[in-house]
Amino acid sequence: MPLLSTGEIIDRTWSLYRDKFAELMSVSSWLLVIAIVDVVAITLYPTTATIVNRVDLSLGETGGVILTAVNGWLIAPIVGVFVLASIVRVLSMHFGSVRMDATRAIKEAWRFFFPLILVSILVLAVLIGAVAIGFIPTILINTATAPFANNSLAIFSRILVVIGLAVSIVLSIRWSVLFTLAPYALLLENKHGKSALTRSRELILGRFWAVLGRIAIPKLIFLLVGILIMGVLSYLIGIVISGVGTFNSDLM
């Protein structure tokens, strides 16, 4: 099956989001939960002066610190996984024979929630393995030769670090591309766990550079557009927030 060109991917993506804007936004609106919690956390967060002077935090300020951590480490990942699953299920209806229904897609997203987290953990483990393959041999060799350290060994050690870094980067890029479709193999083909990674690898092997270009270029273009839009929205939100009298002035 031939791959779509980069231009076709961008055109179809833009057309799809334009035509199905209401359905996709009804699913993506869950991301507002993160923004709302973040605004509350920032409002309660201790001032810079309080932190620098190590003044005892009030109950509200302590709550702001805790809420910031919870939002970043728990709420945001959970909502992000849920929104990804919902959007993919919505789009699967568009390309399938089932009528597109955002409510149904959201319900289905919960069914895939924990399997999607498992697949994401497996992909993360693979990428950590790429780093380990590059650096663990270097660490072991450097540890073993440390008692005999001299100028020659020091130079050899630096060379090993460079080689380890290069190996880690190459493997990380290669494996991140090979397994980039693993979440979609789960959400679209119901491939669970390791099977999702295997399916992603099957689809991309022999097309690595073509797939890499089709991932990188559209993402770069949409990222630039997103940064522009977010910049405008952040400016407008900043104006609104600055008008809230109880807002923490040190964080403005």
Is it the case that the side chain of R89 and the backbone of A85 share a donor-acceptor pair, with hydrogens and angles ignored and the cut-off at 3.5 Å? no

Between side-chain atoms of residues 161-175 and protein atoms elsewhere (two or more places apart, or another chain), which donor-acceptor pairs fall under 3.5 Å?
residue: S168; atom: OG; partner: V131; partner atom: O; Å: 3.3
residue: S168; atom: OG; partner: G164; partner atom: O; Å: 2.9
residue: S172; atom: OG; partner: S168; partner atom: O; Å: 2.6

Same cluster or not: are F114 and V79 linked, directly or through other Ile, Leu, Val, Met, Phe, Trp or Tyr residues, by side-chain heavy atoms under 4.5 angstrom apart? yes

Treat each ILVMFWY residue as a node, draw an edge where side-chain heavy atoms are under 4.5 Å apart, and state whether F113 and W73 are in one component. no

To the nearest 0.5 Å, tell me how far S176 OG sits from I215 CD1. 7.5 Å

Is it true that V177 and I133 fall in one hydrophobic cluster, defined by side-chain heavy atoms closer than 4.5 Å? yes

Is the count of non-hydrogen atoms from other residues, nucleotides or ligands lying under 6.0 Å from R214 atom CZ greater than 12? yes

Give me the atom names and distance for the closest heavy-atom approach of V119 to P183. CG1-N, 4.0 Å

Distance check, rounded to the nearest 0.5 Å: L228 atom CG versus L224 atom CG? 9.0 Å

How long is the span from the CG atom in L187 to the CD1 atom in I87, to the nearest 0.5 Å? 11.0 Å

Measure the shortest side-chain to side-chain distance between K219 and I217 over non-hydrogen atoms and say whether it is less than 4.5 angstrom. no

Would you compute the distance between atom OG of S86 and atom CH2 of W110 and round it to the nearest 0.5 angstrom? 8.0 Å

Could you see if L124 belongs to whatever hydrophobic cluster contains I117? Use Ile, Leu, Val, Met, Phe, Trp, Tyr and a side-chain cutoff under 4.5 Å. no

Would you call F179 and L127 a side-chain contact if the rule is heavy atoms closer than 4.5 Å? no

So, for A196 and A182, which heavy atoms are closest and what is the spacing to 0.1 Å? CB-O, 3.4 Å

Between H192 and P115, the two heavy atoms sitting closest are ND1-CB, 3.7 Å

Rounded distance [0.5 Å steps], CG in L203 versus OG1 in T180: 11.5 Å

Side chain proximity check, Y184 to E189, heavy atoms < 4.5 angstrom: no

Closest contact, heavy atoms only, L178 versus I204: O-CD1, 3.5 Å

Let me confirm one number: the CD1-CD1 distance from I128 to I121, rounded to the nearest 0.5 Å. 10.0 Å

Just wondering, do L181 and R199 contact through their side chains at under 4.5 Å, heavy atoms? no

Is it true that L116 and L74 fall in one hydrophobic cluster, defined by side-chain heavy atoms closer than 4.5 Å? yes

